[in-house]
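All values below were derived from every heavy atom in this structure, side-chain atoms included, with hydrogens, water molecules and symmetry-related copies excluded. The first residue in the sequence is number 1, and the count goes up from there. These numbers come from a predicted model, not from an experiment.
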Amino acid sequence: MRFPVVLLLFSVALAQVSTIPVTPASADEKNSAQQLVFVRQFASAQDLQREHPILNRSLDIIAGAKAPEPSSPELQQPEAITTDAGHRVFVTDAQARVVHVFDFTQSKYSQIRGGQLSWPVGVATDREDRIYVSDNGLRTVLIYDSRGKFLRPLKKLRGSESYFDSVAGIAIDSTTNRIYVCDKLRHMVIAFDAKGRVLAQFGKRTAGDGPGEFRSPVRVIAAARQVIILDSQNCRVQIFDPRARFINEFRVVDCGNGSGLAMDKDGSIYVSDPQLNRLEVYSHAGQFLYMFGEGGSAPGQFSGISGLWIDSGRCLYVADEKNKRVQSFRIATAGPGGC
């Protein structure tokens, strides 16, 4: 009579860590296609408690002096994701007007709410773990210290004027601390130094489909002495050097304003497809490798898949917007190491 109990325990263990199969680009690649190992999903502060039930935790609200009452510690509209040196996970939530912070190492949850966040859509961290949030409601980028205290806007203008027309994705080069901000309506990506001075501009104010031109750039990666930009309305990825000199481009199967962009340690590039609820993976040269995911709410299934982030080259975080959660996966080919 003990066999059913053992079988049940084995099934529960499999549910905690499961391998999500992928669709290879061709039959010849069936043996070499990557796999993703499902690690966890999280949607609220309660998920930290479920992982460590014996620890006594409280909700930390990081908002500075005279903060308003905390909003719900649950994801409502997760969109962009990043991590810092301590592997804290930052998730923008435009509907809740906050940035959620999940610290699985310390088993803590907090919110960034200072600076009167209106519509946070992008997030990045620098070498000092300062936090940069692009807010499309305010049409600016807000800077916070490592504890979430509001410091200042990136580019301050007089009065209510904004330097940007419509901010979207943001990235920071960890070697140079250069800050790259997508401005969709200007069809440009702009590079700044830490003081907010403009260093370079990618694209031009009028939309175009030639090399170095954009139609609504929405996501950007700055790594390995390259700047990689998702050109959403042209449905392509463009690659530049830090001085905005065009290097290469490749088309993606499908994308849109809600698509995410990420790159692993091998240089493979990941693009999310919110309409078809899947990820598309390409080599750095643009060769289509595989896709994975489908509509649904089980592990490895998505509804309105959006922002992507890869931590330490091996841990993939996916904003599953309509399921109001984030899923994380370990990239199997990235070698040993957990997430």
Side-chain angles (χ1 to χ4, degrees), residues 43-44 61-64 67-82 89-102 110-125 130-144 148-157 159-172 179-190 192 196 214 216-220 230 232-233 255-261 272 274 303-309 317-326:
S44 73
I61 302 300
I62 304 176
E69 289 299 314
S71 62
S72 171
E74 297 179 350
L75 296 176
Q76 298 180 36
Q77 189 178 339
E79 182 167 341
I81 307 171
T82 196
V89 183
F90 300 84
V91 185
T92 64
D93 190 330
Q95 185 171 331
R97 299 184 179 183
V98 302
V99 177
H100 302 268
V101 186
F102 295 87
S110 58
Q111 293 178 357
I112 297 174
R113 309 177 65 219
Q116 302 300 311
L117 283 173
S118 173
W119 197 258
V121 293
V123 62
T125 59
R130 285 185 292 258
I131 305 147
Y132 297 70
V133 181
S134 54
D135 190 304
N136 201 32
L138 302 175
R139 295 186 298 133
T140 192
V141 174
L142 304 178
I143 306 175
Y144 303 81
K149 180 182 178 181
F150 176 66
L151 299 176
R152 59 183 174 85
L154 173 65
K155 188 74 173 175
K156 187 175 182 179
L157 298 180
S160 60
E161 294 182 5
S162 174
Y163 178 82
F164 304 98
D165 285 352
S166 176
V167 294
I170 182 172
I172 300 176
I179 304 149
Y180 298 84
V181 183
C182 296
D183 193 329
K184 292 190 301 182
L185 293 182
R186 292 171 70 184
H187 308 289
M188 299 171 67
V189 174
I190 304 150
F192 301 88
F214 303 101
S216 296
V218 292
R219 305 287 184 182
V220 57
L230 180 58
S232 68
Q233 297 305 309
C255 64
N257 285 336
S259 294
L261 181 71
S272 63
S303 180
I305 183 172
S306 183
L308 307 174
W309 175 256
Y317 290 92
V318 181
D320 190 4
E321 185 175 318
K322 293 180 181 178
N323 282 324
K324 299 183 179 182
R325 66 181 179 180
V326 171

How close do [X] and [Y] get, heavy atom to heavy atom, and via which atoms?
{"X": "Arg219", "Y": "Ser306", "answer": "NH2-OG, 3.5 Å"}
{"X": "Asp320", "Y": "Pro78", "answer": "O-CG, 4.1 Å"}
{"X": "Ser216", "Y": "Ser232", "answer": "O-OG, 2.6 Å"}
{"X": "Glu79", "Y": "Ala319", "answer": "O-CB, 3.7 Å"}
{"X": "Ser118", "Y": "Asp135", "answer": "N-OD2, 2.6 Å"}
{"X": "Val98", "Y": "Gln111", "answer": "CG1-OE1, 3.9 Å"}

- Query: Does the separation of the ring centres of Tyr163 and Phe192 fall below 6.0 angstrom?
  - Reply: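 Yes, close enough.
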
Are the side chains of [X] and [Y] in touch, meaning some heavy atoms are under 4.5 Å apart?
{"X": "Val123", "Y": "Trp309", "answer": "no"}
{"X": "Asn257", "Y": "Gln233", "answer": "yes"}
{"X": "Val181", "Y": "Leu154", "answer": "yes"}
{"X": "Ser272", "Y": "Val318", "answer": "no"}
{"X": "Pro120", "Y": "Asp93", "answer": "no"}
{"X": "Asn323", "Y": "Ser303", "answer": "yes"}
{"X": "Val326", "Y": "Ile81", "answer": "yes"}
{"X": "Gln77", "Y": "Glu321", "answer": "yes"}

Answer yes or no: is there a donor N or O on one side and an acceptor on the other, between the side chain of [X] and the main chain of [Y], under 3.5 Å?
{"X": "Arg139", "Y": "Phe164", "value": "yes"}
{"X": "Lys324", "Y": "Gln76", "value": "no"}
{"X": "Ser134", "Y": "Val141", "value": "no"}

Just verifying a value: how many Å separate [X] [atom1] and [Y] [atom2], rounded to the nearest 0.5 Å?
{"X": "Lys322", "Y": "Ile305", "atom1": "NZ", "atom2": "CD1", "result": "12.5 Å"}
{"X": "Leu308", "Y": "Thr82", "atom1": "CG", "atom2": "OG1", "result": "12.0 Å"}
{"X": "Ile131", "Y": "Leu142", "atom1": "CD1", "atom2": "CG", "result": "11.5 Å"}
{"X": "Thr125", "Y": "Phe90", "atom1": "OG1", "atom2": "CZ", "result": "6.5 Å"}
{"X": "Ile190", "Y": "Tyr180", "atom1": "CD1", "atom2": "OH", "result": "12.5 Å"}
{"X": "Lys155", "Y": "Thr140", "atom1": "NZ", "atom2": "OG1", "result": "10.5 Å"}

- Message: Once salt bridge (Lys or Arg N to Asp or Glu O under 4.0 Å) is applied, do any residues pair with Arg186, and if so which ones, sequence neighbours excluded?
- Response: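 Scan of Arg186 (salt bridge (Lys or Arg N to Asp or Glu O under 4.0 Å), adjacent residues dropped) gives Asp183.
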
- Please assess Thr92 against Val121 for the test side-chain contact (heavy atoms from CB on, under 4.5 Å), listing each intermediate value before the final yes or no. CA-CA 6 Å; Thr92 64; Val121 293; 5.5 Å; no

- Would you please test Lys184 and Val218 for side-chain contact (heavy atoms from CB on, under 4.5 Å) and show each step? CA-CA 6 Å; Lys184 292 190 301 182; Val218 292; 3.5 Å; yes

